[in-house]
Structure formats: C-alpha cells, structure tokens
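Nothing here was measured: the structure is a model prediction, and the numbers come from that model.
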Amino acid sequence: MPTLAISNFNLICTLLGGFVILFGLVSYLVREKMYISEALPSLLFGIIFKEAGLFRPEFYGTTTSDITREFTRLVLGVQLVLAGVQLPGKYLLHEWRSLSMLLLPVMTAMWIISALIIYLCIPNLNYLDALIIGACITPTDPVLSNSLVKGRFAEKSIAEPLRNLISAESGANDGFGYPFLFLALYMLRDNGFAIARDWIVETIIYQVILSVAYGTVVGYIAMRTLHFAKEKNMIDDESFVLFAFALALFIVGTAGLVGTDDLLACFVAGNVFTCDWFRVETEHDSLQSSLDMMLNVAMFTWLGTVVPWAEFNTQQIPAWRFIVMALAILAFRRLPAVLAMYKAIPRIETFREAIFTGFFGPIGVGAVFYLSVLLQTLATFNQTEQVAYIGKVAPLVIYFLMVSSVIVHGISIPALVIGPSMPRTLSRSLTQLGIVRQFSTFSRSVTVVEREPELRITRNLVTTHNANELDNIHVVDIVNRDTENC
C-alpha cells in the first residue's frame, strides 16, 4: 500500500528545487532591477524552513559542523578559482602594490579592530580570545564580493580596475586568514620561542608559501595542457567550459590531502591558469555562472538552517550585545583603515572609491569556514575552561555577524540606488514582465493586410522587450513578396 516517505532527502530536493525554480522565475527582477544577489533570499529561505521544522540538518548522519566545513571548502574553492580566472592575466604580479597594502596593513587593522569590538561586547573574554574569534571575520568573503562586482550595477557604477581589485583582494585575503588565526591560536597554546617557530614553519611556510607555489605550478600545467588539447582539437566544448570547475575540485582535494592552504592555492591557480586566453574564450558562456549560482544558493540555504537562533539571547549574553557588536563591526572593522591608507593604494583613486571599498567588506562563507577550522583546532588543545568558552562563544559571534553582513550588504545597494523610487521601480518591472499589462499588450497588437498584384505588406505593431530598454515599443514592418511558390 502506498505510503508517504517524508525523509530528509525528499524534503531537501522538494524545497531546494522549488526555491530555485521560484527564484529563477524572478531572478532578473531581483538581481538586475533590485540589485539583490541570491545570497540574501537563500539565507532567508533556509532560516524560514528550518524554523518551520522542514529542514533538519541535525539528522543527516554526521555532525553539522563537519558538513559545514567541507561544504564551505568546496564552495570557496570553486569561487576562488573562478575569481582568479576572471581577472586579467598576471594580475597578481601587476597589482602587487595595491594588494600588498590591502593584505598586510589593512587586514592587520581589521583584525585588531574586530577583536577589540568583540572583547568589549562579549563578556568573560580576554583580548587574546577575541583575537582568535576576530581572525575568522578578518577576510572579506569572496562569494558575496563576487556578487557585488558582477551585474548591471557593477558595470554601470564601479570602475573596472576597482572591481578587479575587490575581487582579487577577497580571493587572496581568504587564504591569508590563516596567519592571523594561527598566530592567536599558537599564542594560546604555546609560550616564548615555540610561538614563533610554529607560526613561521607551520603557517607561513607550509600553509601560505607552499600553497602559493602549488597553485602556481598546478595552474601553469593546467593552462599548458588545456591549450595543447584545444589546439589539437582533442577536447569538446562542454569539457572545455567545465575545466576550471574541475580544476577547483582537484586543487581542493590535493591541497587538502597534504594539509596546505587549499583556498589560496585555488585563487593563485585560477589567475595563473587564465592568462587572459581562457577568460576570453569563456566570457560569453553562462554554464560557469549557472553552476556558481547553484552552489551559492545551496550554500546560503544550508547556512540559514544551521544558524543557532535560540542562543542569540541568553542570560549570559543578551541579544543587545550581539546587535551592538554587529553594528560596530560593520561600521569600524574595515572602513577607517581603508580611508586612512587609500592614498597608498594605487587602484583606489578617489575618496568616494575608498568609502565604497571600505564599507563593502562582507562577512560570509569564508568566516564560517574559518570558524570550522578554529573549532577543529581547539579540539586538539587541552580542554581548559578558557578553550571551552571560546568554542562555545565563537559560533554565536561568527554566525550573528555573518547574518548581519548578508542582510546589511545585501540591501545596501538597493537602498542607496533605488530606495526612494522602489515602489515605482517595482511596479515598472512587473509591468515590463507583463503582469500588469498582459491584456493591454494583446489589445495593442494590430494587423493590417494590404493586397496588391505583386506585393503583400503586413504591418504588425508589437511590443518587444529589449535587454536594456524593456519599455520601448517598436514598429516592425515585415515585407513579404509573392513568388511562384506562394
């Protein structure tokens, strides 16, 4: 007898597939008209269905932290390879001055300021504990940053050199988060010379330098072999387009096997691999963007299901502390440092560009990944009260800041650009999609047929949709001459 099989897998396929279908139907309106990326709707979708009891990540057969760690690694690896591919060839070499300023003094200031705010807002933490947690949110998120530098708003309002700089910084500093995190962790675990020894050998040399070298070698070999296969007509178009995606999977797996920084290796490999050739060959193909969007939707939906909402308001840490912390972090974590140093960053030319670069430093998937690295590393330490408290507080701080950043940065551009005219813009967009004027469109279609001995002219007044001017009405004259075959 047929029975209902309400399993986790069936629910996930139903809800995730349904959400992607519904979002896809209005994706142009949401992304190109309202300037909202897929991250915010996906996060809200996950939160709603988790609270409704339809998503149950705790029953998936393993710990949610393990799933989150590997899922974030996968999404970040793919994003970073694609970010490297989409930059101009040898971009990291040509723009080393701007990137050095953003990755060294600016990131260091972000780390110190973030830790200070966390220390002041969260009770029973000393400053070293706050430095450990603050290191997780120091890198800007490449997933949210890439959604910012793509699309119609970015092309119209952000200069291409600045877009490339934001994308490159978010890719590189996601790998550069390791030195900040592990310096603080080694200061917690070790004493004296052991701190410098472990940090230099295990983090700087093995994590950073080795990953850069590995990414360079793999990216160069991949570029040469793909170029050879393309010249010899050995690879089909589908495999060619998917090559960067497969390269990301390969680097994430191999770098993970040897324990080096797979994120930095992915980004370096992507930029070495492109050398402009692959980027130009695939710039009009939408398959990579489609895979990228699907991964982002699934990732932020998952994050929405694992956010610990019930723990954001307890007697020990009331909700107002989290709110004050989030507002202070978003306002002071990055903006003052960029404003103070932008004249030393060649690619940030004006004060306005400095404000934009300083404000849009989102916290997202990268912070959750570093949180999983932090928890995994703390599990190997002596389980003192201090270590246990850091492990308890860190997820609450990181997840609250992630949600706050996705919301604030997700609605900032719509609020600034179309906020005052939002009702008119929404009405116009719905009208252009045919929801309001679907009947009047038909009534305006007129066909007049004039017959002559050797000429038949059909004049149709039609409403056409243009990619840039959706509200224009064109008159199309179609002239058909009678022939013997007619």
Does a side-chain heavy-atom distance below 4.5 Å link [X] with [Y]?
{"X": "Ile195", "Y": "Leu183", "value": "yes"}
{"X": "Thr357", "Y": "Arg334", "value": "yes"}
{"X": "Val387", "Y": "Ile390", "value": "no"}
{"X": "Gln86", "Y": "Asn164", "value": "no"}
{"X": "Ile345", "Y": "Leu102", "value": "yes"}
{"X": "Val373", "Y": "Phe182", "value": "yes"}

Which of parallel (below 30°), tilted (30 to 60°) and perpendicular (above 60°) describes Phe23 and Phe19?
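Plane angle under 30°, so parallel.
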Parallel, tilted or perpendicular: rings of Phe312 and Phe400 (30°, 60°)
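Rings of Phe400 and Phe312: perpendicular, as their planes differ by over 60°.
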What's the spacing between [X] [atom1] and [Y] [atom2] if we round to 0.5 Å?
{"X": "Arg347", "Y": "Leu99", "atom1": "CZ", "atom2": "CG", "result": "10.5 Å"}
{"X": "Leu76", "Y": "Phe71", "atom1": "CG", "atom2": "CZ", "result": "10.5 Å"}
{"X": "Glu38", "Y": "Ser27", "atom1": "CD", "atom2": "OG", "result": "9.5 Å"}

Does a sphere of radius 6.0 Å around CZ in Phe228 hold more than 12 heavy atoms from other residues, nucleotides or ligands, not counting ones at 6.0 Å or beyond?
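Open.
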Under 3.5 Å: donor-acceptor pair, side chain of [X], backbone of [Y]:
{"X": "Gln207", "Y": "Gly259", "answer": "yes"}
{"X": "Arg197", "Y": "Glu202", "answer": "no"}
{"X": "Gln383", "Y": "Phe381", "answer": "yes"}
{"X": "Arg73", "Y": "Val252", "answer": "yes"}
{"X": "Ser405", "Y": "Leu401", "answer": "no"}
{"X": "Thr305", "Y": "Trp302", "answer": "yes"}
{"X": "Thr225", "Y": "Ala222", "answer": "yes"}

Tell me the closest heavy-atom pair linking [X] and [Y], and the distance in Å.
{"X": "Ala354", "Y": "Leu339", "result": "CB-CD2, 3.8 Å"}
{"X": "Phe359", "Y": "His409", "result": "O-NE2, 3.0 Å"}
{"X": "Pro336", "Y": "Phe332", "result": "CD-O, 3.4 Å"}
{"X": "Ser170", "Y": "Leu80", "result": "O-CD2, 4.4 Å"}
{"X": "Pro139", "Y": "Tyr370", "result": "CG-CE1, 3.9 Å"}
{"X": "Ala265", "Y": "Ile251", "result": "CB-CG2, 3.9 Å"}

Quick one: do the [X] and [Y] side chains pair a donor with an acceptor below 3.5 Å?
{"X": "Tyr214", "Y": "Thr254", "result": "yes"}
{"X": "Asn296", "Y": "Gln79", "result": "yes"}
{"X": "Asn173", "Y": "Thr140", "result": "yes"}

Report yes if the distance between the aromatic ring centroids of Trp199 and Tyr186 is under 6.0 Å, otherwise no.
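No; Tyr186 has its ring centre 6.0 Å or more from that of Trp199.
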Between Phe273 and Phe243, ring centroids under 6.0 Å
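Judged by ring-centre distance (under 6.0 Å), Phe273 and Phe243 do meet the cut-off.
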Determine whether Leu378 and Leu374 satisfy the following criterion, side-chain contact (heavy atoms from CB on, under 4.5 Å), listing intermediate values before the conclusion.
CA-CA 6 Å; Leu378 286 179; Leu374 166 61; 3.7 Å; yes
Test salt bridge (charged side-chain N to carboxylate O under 4.0 Å, His left out) on Arg189 and Asp198; report intermediate values, then the result.
CA-CA 11 Å; Arg189 185 189 67 181; Asp198 293 345; 3.0 Å; yes
Would you please test Asp261 and Tyr206 for side-chain contact (heavy atoms from CB on, under 4.5 Å) and show each step?
CA-CA 8 Å; Asp261 186 351; Tyr206 196 77; over 6 Å; no
